[in-house]
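In each ligand, atom 1 is the first atom listed, and ligand 1 is the first ligand listed.
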Amino acid sequence: MTNSPVSPWWSDAVFYQVYPRSFRDGNGDGVGDLDGVVEHLDHLSNLGVDAIWLNPVTVSPMADHGYDVADPRDVDPLFGGLGALDRLVEAAHAVGIKVTMDLVPNHTSSQHPWFQAALAAGPGSAQRQRYLFRDGTGPGGIHPPNNWPSIFGGPAWTRVVEPDGSPGQYYLHLFDPEQPDLNWENPEVFDDLEKTLRFWLERGVDGFRIDVAHGMAKPPGLPDMSLTGNALLRNSDDDPRFNNDAVHDIHRGIRSVLDDFPEAVTIGEIWVFDNADFAKYLRPDELHLGFNFRLVRADFDATEIKEAIENSLAAAELAGSPATWTLSNHDVEREVTRYGGGPDGLAKARAMALVLLALPGAVFVYNGEELGLPNVELPDDVLQDPVWERSGYSERGRDGCRVPLPWAGAAPPFDFSTSHDVWLPMPTEWTDLTVAAQERDPDSTLALFRRAIELRHGRGSFGPGVEFLEAPPHVLSFRGTDGVTCVVNTGTTPTALPPGDLLIASAALDDGQLPPQTAAWVR
Ligand code: GLC
């Protein structure tokens, strides 16, 4: 099966990433849930998004907030159970919004029945063949099988106690010890994933974001690695833990199932920065879309932004697949903070929102980005990300970008929940950032996103490339195939705009000129 010549819905869609713990709490237990999403679906339809990507809602002990899956074919009661997902899919479809889910094929939870069975069955058993169990090295096997670190810190191997009480084998976990890696050489693993794919697709789910899509396949013999540059989502391209060739067979298998559901999409989380390598994941019989993280890495600087765009477009062109664009997600610092925080950080984030939404391809907006939320400095005792503990309390982890959304009112929990005991504390100073407050303000970040998404939809499908125009230093100017030009000023002095109608600007113009830290669209 090849990619269809008619552009599929996702090729220029705006996806909204719902972080379910933090969007809206429908049952008052302090943690967001799926009925909360249903209640505030109007927020998403007013924003104009085409699709939702839900972070994991499947059954999980929540060691890594759902990325440790104990049952991939059921919804955790914390999020409302399977019935709540059905309600969401139905309500979203009724307003024309597609629903995509997170799929976690690299590992399971250590509470998954397969892993529990593997522990009980002992070395050499068929049950252990579903994971990566190995004997240790050195006298009595005291050293792990190789030197791989976990992405969250500490070794990637944990030693188990065998059923007879003796110190035993080690199992591999690229992430937390509660996330054992699956053995993708065992055909049972794919067979089970196929069941999961069909289970959700048959329930009406419109596709999957595939977690660690460059993981899964491990190199033969699990060789040692060079120990520089281990950090969450910053692994280098020569890291033997990721991007091994056999991963492409897995994607072909997944695609063969997806092809039975031609309207469904797969989007891979691919932390691979070599364009040719990245493009391999998007061959016609593999993933439909791949996250390209170059804009996340770029500073607010015209040259860096241009390079990121050029690179992402080049990778997409190599693959013959739509480009994807994102400024943030649940794993990285929010862009307002990345760009320096305060009013300047917000101004830059608003300008970048217009850059993002001017680009051809699929765009991903992260839960709260449309409100201009910054990262939150949280006290040590509320941190929950396993990174905090695993790094020996040196890396604070990702909780700061996962704080719940403020909906209304003048004090926490800002109508996120009826409970004051919210899973991560919300800052008292978010009064002006609530959805209700921003709805009253025509210059709010929310108003900017709504207008920009509306204009983007009005542009129809614009072609895959952009033309970079002559611009002064620190200014980036590019034109879409439909003639809409986006200009962003990352310098310190105002700059002229090209002639034409001003469609939108991220801040008021200064005497007809585009001020610093501002972007605009002109037609
Ligand atoms: C991905 C997810 C991240 C998670 C990790 C392990 O990178 O985005 O949140 O911790 O995979 O599943």
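- For Phe152, the closest heavy-atom approach to ligand 1 falls below 4.0 Å.
- For the ligand labelled ligand 1, residue His173 lies outside the 4.0 Å heavy-atom shell.
- Applying the 4.0 Å criterion to heavy atoms of His330 picks out, from ligand 1, the atoms 2 (C), 3 (C), 8 (O), 9 (O).
- Note that Arg134 lies outside the cation-pi zone of Trp157, set by a 6.0 Å cut-off to the ring centre and a 45° limit from the axis.
- Remark: Arg297 qualifies as a cation-pi partner of Phe273 under the 6.0 Å distance and 45° angle criteria applied to the six-membered ring.
- A side-chain N or O of Tyr67 and one of Asp102 form a donor-acceptor pair less than 3.5 Å apart.
- Glu304 is linked by a side-chain contact (heavy atoms from CB on, under 4.5 Å) to Ala298, Asp299, Asp301, counting only residues two or more places apart in sequence or in another chain.
- Applying the 4.0 Å criterion to heavy atoms of Val212 picks out, from ligand 1, the atoms 11 (O).
- Other residues, nucleotides and ligands contribute over 12 non-hydrogen atoms within 6.0 Å of the CG atom of Asp224.
- Less than 4.0 angstrom separates some heavy atom of Glu269 from each of these atoms of ligand 1: 1 (C), 7 (O), 8 (O).
- Residue-ligand proximity, Arg209 to ligand 1, at heavy-atom distances under 4.0 Å covers atoms 2 (C), 8 (O).
- Ligand 1 places these atoms under 4.0 Å from at least one heavy atom of His107: 6 (C), 12 (O).
- Applying the side-chain contact (heavy atoms from CB on, under 4.5 Å) rule to Ala120 yields no partners; only residues at least two apart in sequence or on another chain are considered.
- The closest approach between Arg398 and ligand 1 falls below 4.0 Å for a heavy atom of the residue.
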